[in-house]
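The model shown is predicted, which means the values in this text are computed figures rather than measured ones. Chain A is the first sequence line, chain B the second, and so forth, proteins listed ahead of strands; every chain is numbered from 1.
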Amino acid sequence: MEGTKKELKHEDTELRLGLPGRCDVHRKQSNTVCPTRKRGFLDIKEESTSGSIDQDAAPSAKEQVVGWPPIRSYRKNHYEAKKKPEELEEGGSGIYMKVSMDGAPYLRKVDLRLYKGYKELLEALQDMFKFKLGSGHVPTYEDKDGDWMLIGDVPWEMFITSCKRLRIMKGSDVNGLRQAA
Amino acid sequence: MGVFWVGVEIGSELQPAQFQVLGGKYQAPSIELGLSHSLRSELQSAQFQVLGVKLRWVLGLGVSIRMIQSFPEEALEHVLSFVDSHGDRNSVSLVCKTWYETDRWCRRRLFIGNCYAVSPPIVTRRFWDIRSLTIKGKPHFADYNLVPQGWGAHALPWIAAMGEAYPGLEELRLKRMVVSDEALELIGKCFRNFRVLVLCCCDGFSTDGLVSIAANCRNLRVLELIESEVDDIRGNWISHFPDCFTSLESLNISCLESDLPFAALERLVDRCPNLKSLRVNRSVPLEKLAILVRKAPQLTDLGTGLFMTDSRPELHTKLAGAFSRCNELKSLSGLWDVAPSYLPTLYSACPRLTSLNLSYAPIQSPDLVKLLSHCKNLQRLWVLDYIEDRGLEALASSCKDLQELRVFPSEPYDHEPNIALTEQGLVSVAVGCPKLQSVLYFCRRMSNHALVTIATSRPTLTRFRLCIIEPLCPDYVTQGPLDEGFGAIVEHCKDLKRLSMSGFITDRVFQLIGAHGKKLEMLSLAFAGNSDVGLHYVLSGCKNLKKLEIRDCPFGDRALLFNASKLETMRSLWMSSCQVSYGGCQVLGEKMPRLNVEVIHEKGLPESRSEQCLVEHLYVYRTVAGPRSDAPEFVWTMKDSPSMRCPPKEQLLP
């Protein structure tokens with residue numbers, strides 16, 4: 001639709017708050033702009049909430065858009081329950097974790113089974129996201145209970161079974177975490 | 001002597017089998033009265049008056065009829081007893097006072113589509129003796145977590161009221177209601193002849209509540225917990241069925257998580273010879289399943305537990321043997337985490353299957369195709385998208401009786417496709433299966449061309465629910481909206497009752513729906529449309545619309561207020577994250593006293609509560625019970641304007 005295309009271009013040049021390249025699909029916009037196909041609607045929503053450290057907006061491991069796709073809780077719970085036995089299987093399929101970094105537009109996934117320990121994992125993360133540890137970036141993870149922990153706090157075996165997702169936080173946000181811990 | 005042609009025409013087709021004439025020659029359609037001899041002679045000189053509904057009778061030769069003012073009540077009662085569809089029964093009660101009163105006394109089965117459209121006292125005041133009650137609570141979007149916890153739909157007040165008024169209640173079917181253990185205990189206590197309990201998509205109770213049911217309902221026939229969230233404390237509730245309890249016909253506990261004491265389950269199956277339907281939970285291992293199936297070869301419906309274990313040839317043989325003896329088995333489900341090596345144990349049962357639920361079985365397309373090639377009589381299939389396009393093509397060629405297909409996503413939260421399932425799979429089935437009526441399909445791309453093909457090949461569709469996983473996804477060929485495709489569905493499928501749309505669609509599709517969707521009863525929308533005009537087309541065009549549920553669409557106050565009176569002809573309207581303002585809701589509430597206009601704001605309405613502020617969720621439904629008294633603090637029911645308040649019309653049933 002021509003009208004929509006024109007709006008897309010205008011949006012790109014607009015100054016606004018938020019991560020670069022992000023498409024604001026908040027409901028207030030009546031002509032919701034079709035997000036770029038590559039990144040996908042769900043990833044964009046994920047970024048928009050992972051930007052803040054606000055407790056209420058802390059990203060959950062579940063989908064970010066409430067109730068989409070429309071799958072009953074009963075079936076959703078089955079998907080989540082299904083993942084656990086596979087993860088713990090000896091020599092079975094990998095343990096895939098989503099990794100986000102504040103300021104980066106794309107999410108990545110890592111297979112924790114590929115690493116023998118924290119040293120290898122951190123090296124891989126630094127390589128993947130092009131950052132250096134100690135330069136204001138701190139790797140953290142969300143555990144089964146929904147708490148955000150510093151990577152390296154618990155023994156490696158405990159980490160891979162309790163980790164739900166990874167996030168590389170910017171230094172300023174981390175102080176809150178350290179105090180809470 | 002001439003023959004009077006009389007038949008009952010109240011909206012539905014007359015069923016010849018229900019009626020046979022008394023004495024003399026009879027021709028269909030005709031009616032059996034089963035009257036006593038004295039009444040029969042009264043009828044011979046009776047006069048009938050047709051009131052509102054055309055009554056056509058066929059009576060034998062030698063009977064003369066003259067029209068009279070009233071119709072013998074027993075005769076009317078008997079005739080009405082054949083009218084069992086809820087809609088027709090409601091119409092019957094509206095014909096005249098006599099028919100209303102007769103219906104009050106003799107109605108035994110009641111269906112309440114929205115628990116807040118009436119109230120327990122209204123029901124118990126009206127009906128004398130109800131034996132079977134079905135109640136639906138939360139709106140459908142509650143399934144997708146769009147209705148906040150604590151919104152309502154409590155079963156306890158209903159059960160308490162029924163306990164007092166209808167101690168003879170035998171059947172209770174609840175959907176999307178909050179059922180407490182206390183409510184379950186009350187069932188066990190109040191209803192001596194309780195037979196059927198079905199809890200579908202309910203929550204709020206624990207296995208302790210089930211203990212009451214098991215221990216107290218001595219005549220229980222049916223216990224079905226369908227996709228309910230149960231606080232599963234312990235499995236031994238099942239041990240509370242007394243040893244003398246033998247009446248069970250259907251047991252569905254597939255949604256329970258905890259381990260069941262197998263010995264108790266086995267004894268239960270042993271002593272209930274009429275058990276036709278058994279759906280166990282995941283905890284029942286494959287070797288135990290073999291035992292159960294061997295003990296109950298009369299089963300028509302089986303839900304297995306986990307269908308995998310390490311490879312054991314003797315178990316394989318045992319299972320295959322057990323299934324081969326199930327000559328009545330028509331429906332199979334459960335099948336959690338199927339190990340492909342055990343699928344062949346089902347082959348002997350497959351040719352008789354009419355319903356197969358593989359939606360929890362992560363088996364790949366080749367194994368699925370092999371299994372389905374044995375299921376020539378399949379009418380309903382639920383499956384994961386692992387089936388892929390090629391599997392659906394195979395399905396289309398082997399299952400010509402297919403009526404319902406549901407394809408669920410294996411990885412719904414990934415935005416990249418993980419399997420080769422596209423719109424082509426659905427097209428194959430639509431083209432190849434002449435009896436296809438009902439579709440639920442999750443996929444990642446769609447085109448207008450595919451939708452038009454589906455529509456023109458299969459105008460028999462009555463339910464079409466398409467979920468393209470990425471919101472706002474356009475036609476992948478043209479990159480344009482999917483308006484024409486969905487428009488074709490509504491235009492060609494003239495009996496379409498239910499439609500769910502997704503992808504990139506504009507107001508144009510609503511114009512088409514309003515123009516063609518004359519039989520449409522339920523419409524679900526997400527991330528669709530451009531403006532209020534879209535909503536207006538739907539509300540003004542779809543004559544038979546009963547339920548409309550909308551999320552994240554740019555619809556505001558104007559279409560709603562303009563079509564306010566339409567809302568009274570519907571069961572309900574749900575709108576989430578749209579552009580409805582608080583002020584608009586207030587106006588609607590004032591204008592329409594017979595509607596409850598519920599504004600739902602989880603985080604609480606802002607202090608200012610300005611008229612322009614947009615509401616998070618809006619739920620509008622017609623009611624004769626007024627604003628509900630159990631609304632939590634995040635739900636506001638808009639007030640009626642004092643000048644427009646009128647007493648509830650008791651005849652109106654949703």
Evaluation steps, side chain to side chain contact (heavy atoms under 4.5 Å, CB included), between A/Ile71 and B/Phe442:
CA-CA 10 Å; A/Ile71 294 174; B/Phe442 282 82; 4.0 Å; yes

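The minimum heavy-atom distance linking B/Tyr413 with A/Trp68 is given by the pair CE2-O, 4.1 Å. The two residues A/Pro69 and B/Pro412 come nearest to each other via the heavy atoms CG-O, 3.6 Å. Pairing each heavy atom of A/Lys76 with each of B/Asn145, the nearest pair is NZ-ND2, 3.1 Å.
For B/Glu227, the side chain to side chain donor-acceptor pair (under 3.5 Å) partners at least two apart in sequence or on another chain are A/Arg72. Scored by the salt bridge (charged side-chain N to carboxylate O under 4.0 Å, His left out) test, B/Glu224 finds no partners at all (sequence neighbours excluded).
When each of B/Trp336, B/Phe141, B/Tyr144 is scored by its heavy-atom pairs under 4.5 Å with chain A, the top score falls to B/Tyr144. Interface summary for chain A: among B/Ser359, B/Ala526, B/Ser524, B/Ser228, the most heavy-atom pairs under 4.5 angstrom belong to B/Ser359.
Looking at B/Cys201, the atoms closer than 4.5 Å to chain A (heavy atoms on both sides) all sit in the side chain, from C-beta outward. In this structure, the portion of B/Cys467 lying under 4.5 Å from any heavy atom of chain A is its side chain and not its backbone. Residue contact with chain A, scored on non-hydrogen atoms closer than 4.5 Å, involves the side chain of B/Arg551 exclusively.
In this structure, B/Asp203 CG and A/Tyr74 OH are separated by 14.5 Å, a value rounded to the nearest 0.5 Å.
Side-chain atoms of A/Arg75 do not come within 3.5 Å of backbone N or O of B/Phe408 as any donor-acceptor pair.
Summarising the local packing, CD of B/Gln149 is surrounded by 12 or fewer heavy atoms from other residues, nucleotides or ligands at distances under 6.0 Å.
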